[in-house]
Amino acid sequence: MAEARTPDEVVARAVRATDLVDLDGAVADCFACPRLVAWREEVARTRRAAFRDQTYWGRPVPGFGVADARIGILGLAPAAHGGNRTGRIFTGDRSGDVLFAALHRAGLANQPTSVAADDGLALRDTRIFAAVRCAPPDNRPTPAERDTCAPWLRREVALIRPTLRVVVALGAFAWAAWWPTLREVYGVRPPSPRPAFGHGAHWSGTAAPALLGCYHVSQQNTFTGRLTPGMLDDVFARAKQLAGVD
Ligand code: SF4
């Protein structure tokens with residue numbers, strides 16, 4: 001089975017992935033959400049004027065980072081003209097500029113910029129992934145699309161489980177997406193009621209990674225000052241402390 005075209009095929013292909021390279025390849029060959037497949041391909045075809053001379057990736061965007069990550073960063077979904085263009089998560093858009101500058105200040109990235117898949121960017125102790133792997137219209141996946149894509153996230157977390165110590169959820173969507181992952185991968189019943197998302201929110205269990213809340217690095221948040229570089233620095237300092245990263 002080369003391509004996943006139904007929710008059942010996503011489940012079957014995800015559990016078969018033996019390592020991150022295998023998983024990343026399988027993710028990129030997923031066609032299980034008709035609306036998102038149509039959108040990602042239309043964006044890739046029509047393009048934004050500034051990128052008219054570029055060939056868009058136009059496929060699902062796999063996770064990025066090291067296989068022995070202690071820190072996971074969970075986002076919502078790729079950006080239409082960012083990850084969907086470059087093929088790498090948070091790469092080629094303003095959100096990525098803010099995120100990778102912060103990771104560089106924290107010593108978790110070798111450079112402060114992320115402009116293209118071949119730009120030499122490397123992470124330390126960190127892996128970044130999204131709850132939904134295809135760019136959705138208006139950044140809003142449907143609940144069904146979120147659930148269809150969840151097996152990719154679960155398998156990715158399962159593969160880095162031996163080292164993973166903390167997950168930074170960027171925004172309320174990612175925060176909410178973590179709880180089913182906690183149950184499926186770690187066999188841990190999510191707390192009830194669920195802890196509310198907020199910037200700096202923190203949940204810790206004994207048999208699973210800690211969860212830290214962070215406002216999403218969207219332009220809406222960073223341009224308005226709702227999320228500042230200092231606030232991001234505080235979150236990543238806390239994540240490093242919880243993960244035991246120097
Ligand atoms: S959103 Fe996820 S499940 Fe849906 S087509 Fe993209 S990669 Fe596949």
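In this chain, residues are counted from 1 in sequence order. We count ligands from 1, going down the list as the structure has it; atoms in each ligand are counted the same way.
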**Student:** If we ignore angles and hydrogens, is there a donor and acceptor under 3.5 Å between the side chains of Arg85 and Gln54?
**Tutor:**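 Distance-only check passes for Arg85 and Gln54.
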**Student:** Distance under 4.0 Å to a non-hydrogen atom of Val132: what atoms of ligand 1 satisfy this?
**Tutor:**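 So the atoms of ligand 1 that pass are 1 (S).
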**Student:** Just to verify, what does Thr126 make a side chain to side chain donor-acceptor pair (under 3.5 Å) with, not counting sequence neighbours?
**Tutor:**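 In terms of side chain to side chain donor-acceptor pair (under 3.5 Å), with neighbours along the sequence ignored, Thr126 is linked to no residue.
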**Student:** I'd like to know whether Thr91 forms a side-chain hydrogen bond (donor to acceptor under 3.5 Å, both in side chains) with Ser114, so could you lay out the CA-CA distance, the side-chain angles of the two residues, the decisive distance to 0.1 Å, and finally the verdict.
**Tutor:** CA-CA 5 Å; Thr91 296; Ser114 176; 2.7 Å; yes
**Student:** Which pairs count as ring pair (Phe, Tyr, Trp, His ring centres under 6.0 Å) when at least one residue sits in residues 150-175, sequence neighbours excluded?
**Tutor:**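 Listed once each, the pairs are Trp175-Trp179, Trp175-Phe197.
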**Student:** Are Leu103 and Val217 connected, step by step, through hydrophobic side chains (Ile, Leu, Val, Met, Phe, Trp, Tyr) whose heavy atoms are closer than 4.5 Å?
**Tutor:**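 Yes, Leu103 connects to Val217 through the hydrophobic network.
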**Student:** Could you list all the ring pair (Phe, Tyr, Trp, His ring centres under 6.0 Å) pairs where at least one residue sits in residues 51-88, not counting sequence neighbours?
**Tutor:**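 Non-adjacent pairs meeting ring pair (Phe, Tyr, Trp, His ring centres under 6.0 Å): Tyr56-His81.
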**Student:** Do any protein N, O or S atoms sit under 2.8 Å from atom 8 (Fe) of ligand 1, and which ones are they?
**Tutor:**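 Counting only protein N, O or S atoms under 2.8 Å from atom 8 (Fe) of ligand 1, the list reads Cys30 SG.
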